[in-house]
Amino acid sequence: MLRQFSVSQLKNPYMRDIIRKDIYGSVPCMKQIYFCDLPNYYNQTIELHGFVDKIRDLQFVQFVVLRDSSGKVQVTIEKNDELKKINDLVSKLTKESTVKVKGILYERPNVKLRGMELIPSEFVITSVAAEELPIDILDYTNKSNKELRLDNRFLDLRLEKNYLIFKAQTIAEAAMREYWTEHNFVEIHSPKILGTASESGAEVFKLDYFGRTVYLAQSPQFYKQMAMGAGFNNVFEIGPVFRAENSHTAYHATEFTSVDCELSWIDSHHDVMDLEEEVCKHVEKRLREKLGAELKDTFKIEFQEVLPAFPRIPFYEAKRIIEEKYHYVGEKEHDFDRKEEELIGKYALKEYHSEYVFVIDYPFAARPFYHMLDDSGLTKSFDLLYKGIEITTGAQREHRIEILEKQATIKGLPLDSIDFYLNFFRYGIPPHGGYGYGLTRFLMRLFDQESIRDVTFLYRGPNRVNP
RNA sequence: GGUCCGGUGGUGUAGUGGUUAACAUGCCAGUCUGUCACACUGGAGAUCGCGGGUUCAAUUCCCGUCCGGACCGCCA
């Protein structure tokens, strides 16, 4: 039956649904049916694959609730001689085992779980789970501590809400790629093994490389600027970065996914912010369109149809606002502490109804050497805060080599150590700027999770390198 | 890296200088006419993180150690 369709037809999701239906009418069983699609299959013989979510073994009937990544469904088996083989299998079944069940799906309004049940004719256990799990993965308790859940992350991720986080991550990333590819950006993959430490202000990991010391990339910074020098105009990269920071907080990791972009021919950092604002809004739009209902049900997330403009508050003005409105003075003169970040986020929400706020024009003392300075000696740079946490640092870069060298020297960076980087600026390079965006920090705040670990597939931190 | 807090059945907690170490949940067995966080009855399951000290006696008090968490600093 399948043979009459071409490969390209099968690859087209639109066609595939039509073909599915077509096949379904004539072939009694097909391979992979997602549980969310089950209402399309009433009174038909289907084969389901899933994890055993619950078993209720009563005197005359057995109920097995199956779960896949898209939902749950009840399988009902009467206890009688005809079904004895299946009854015996179910009796020794354990929760979280995987099974393959073939049977007829009926609409049953009296079944609380989705008003349907599958009456099986074949029941196969494809893998048996041990009797007791090392963590509690019931969605109504789920009370195991975090350490243990990280040790058994593969089980923790079986929770529906955890899967939803990664669906959202996929859509967020896809939305950014979509925006950029439609706006003449090119995706790059810069190396993560570096002969010279890259610049982000953070510490680097050293590793042995055939007897010499090399470094793990802290940021694609230098390479996305190289792409500017290569005439690529606009680039982006979504990839891992490594930070040897012994940070014990809920929002740091030693390895994380950084979303970076860089664009040419800008007039100031405001052009970079314009872009980032568009990208962020596009991400929210896609999340709302594709996952809005689920995110509202499970996480109570409400997306606004139209996001307000992100306010842009100069750094020193932000300091003044925090002092005047909230009577708080941070200890650091040239940067914000956590409390100031929270407060300026609060201020932006109150005054501008925006969960996002740009803080702009930081003093040079708080910024790396490659940020461009304006006439007053402040950097043409910005941070983007989302719900009171820094998710981005960006800037116009200094592309004039003499000034760049001078700024590196002021920061105490030996010029010969970054000579390969300075080279990018010696043979013509457009004015440019860009930003780095912490996807997990965004997701952590979006989902109102306690830690970056809750929205990371596998977290890596100072005390966590396994599993 | 700094400060503070914590480690008790599979899991989450309670508690105590001498206990049969409690409760919930999970697990196992049985009972139960369709459950749906099924219910009921019974059962198994803990050398109370590790090492040392004080004491007649330590899971409990003290010291050390390991592991973890929170906050701060560093940054995305």
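Bear in mind the structure is a predicted one, so any value in this text is a computation, not a measurement. The chains referred to below are lettered A, B, ... by the order of the sequence lines, with proteins before strands, and numbering in each begins at 1.
- A salt bridge does not link A:Lys85 to A:Glu122: none of the charged side-chain nitrogens sits closer than 4.0 Å to a carboxylate oxygen.
- Residues of residues 432-446 of chain A having a heavy atom closer than 4.0 Å to RNA chain B, listed by number: A:Gly438, A:Arg441.
- Applying the 3.5 Å distance criterion, the base of B:G34 shares a donor-acceptor pair with the side chain of A:Glu117.
- At the heavy-atom level, A:Ile391 lies under 4.0 Å from the strands shown only through sugar-phosphate atoms.
- You'll find a donor-acceptor pair under 3.5 Å spanning the side chain of A:Ser247 and the base of B:C74, going by distance alone.
- Shown here are the ring-ring contact (aromatic ring centres under 6.0 Å, His included) partners of A:Phe447, two or more places apart in sequence or in another chain: A:Phe299.
- Within the 4.0 angstrom heavy-atom criterion, only backbone atoms of the sugar-phosphate kind lie near A:Asp337; the bases stay farther away.
- No engagement by A:Arg108 is indicated, since no non-hydrogen atom pair under 4.0 Å with the nucleic acid exists.
- A salt bridge between A:Arg445 and A:Glu342 is present, with a side-chain N of the basic residue lying under 4.0 Å from a carboxylate O of the acidic one.
- Straight-line distance from the CD1 atom of A:Ile389 to the C1' atom of B:C71: 14 Å, rounded to whole Å.
- Between the CZ atom of A:Phe205 and the P atom of B:C75 there is a distance of 16 Å, rounded to whole Å.
- Residues meeting the ring-ring contact (aromatic ring centres under 6.0 Å, His included) test with A:His399, sequence neighbours left out: none.
- Nucleotide B:C66 holds its P atom 16 Å from the CD atom of A:Glu147, rounded to whole Å.
- Distance A:Lys339 NZ to B:G73 P: 12 Å, rounded to the nearest Å.
- Computed from coordinates, the A:Asp335 CG to B:A76 P distance equals 10 Å when rounded to whole Å.
- With A:Leu105 as the partner, the side chain to side chain contact (heavy atoms under 4.5 Å, CB included) test is satisfied by one option alone out of A:Leu48, A:Asn43, A:Ile46: A:Ile46.
- A:Tyr386 pairs by the ring-ring contact (aromatic ring centres under 6.0 Å, His included) definition with A:Tyr356, A:Phe442, not counting sequence neighbours.
- Rounded to whole angstrom, the span from the CG atom of A:Asp454 across to the C1' atom of B:G69 amounts to 13 Å.
- A salt bridge links A:Glu96 with A:Arg158: at least one charged nitrogen is closer than 4.0 Å to a carboxylate oxygen.
- For B:C74, its base sits under 3.5 Å from the side chain of A:His252 at one donor and acceptor pair at least.
- Computed from coordinates, the A:His248 NE2 to B:C4 P distance equals 16 Å when rounded to whole Å.
- Using a 4.0 Å heavy-atom criterion, one finds that A:Asn463 contacts the sugar-phosphate atoms exclusively.
- Protein atom NZ of A:Lys54 is 18 Å distant from nucleotide atom P of B:G34, rounded to whole Å.
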Per-nucleotide pairing state of RNA chain B [Watson-Crick or G-U, under 3.5 Å; [ ] pseudoknot-crossing; | other strand]
(((((((..((((....[...)))).(((((.......))))).....(((((..]....))))))))))))....

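- Looking at heavy-atom distances under 4.0 Å, A:Thr249 makes contact with a base.
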Base-contact (B) and sugar-phosphate-only (S) positions in nucleotides 6-13 of chain B, heavy-atom cut-off under 4.0 Å, - elsewhere:
----BSS-

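- Atoms CG and CD, on A:Leu384 and A:Glu276 in that order, are 4.5 Å from each other to the nearest 0.5 Å.
- Note that A:Lys281 lies in the cation-pi zone of A:Phe310, set by a 6.0 Å cut-off to the ring centre and a 45° limit from the axis.
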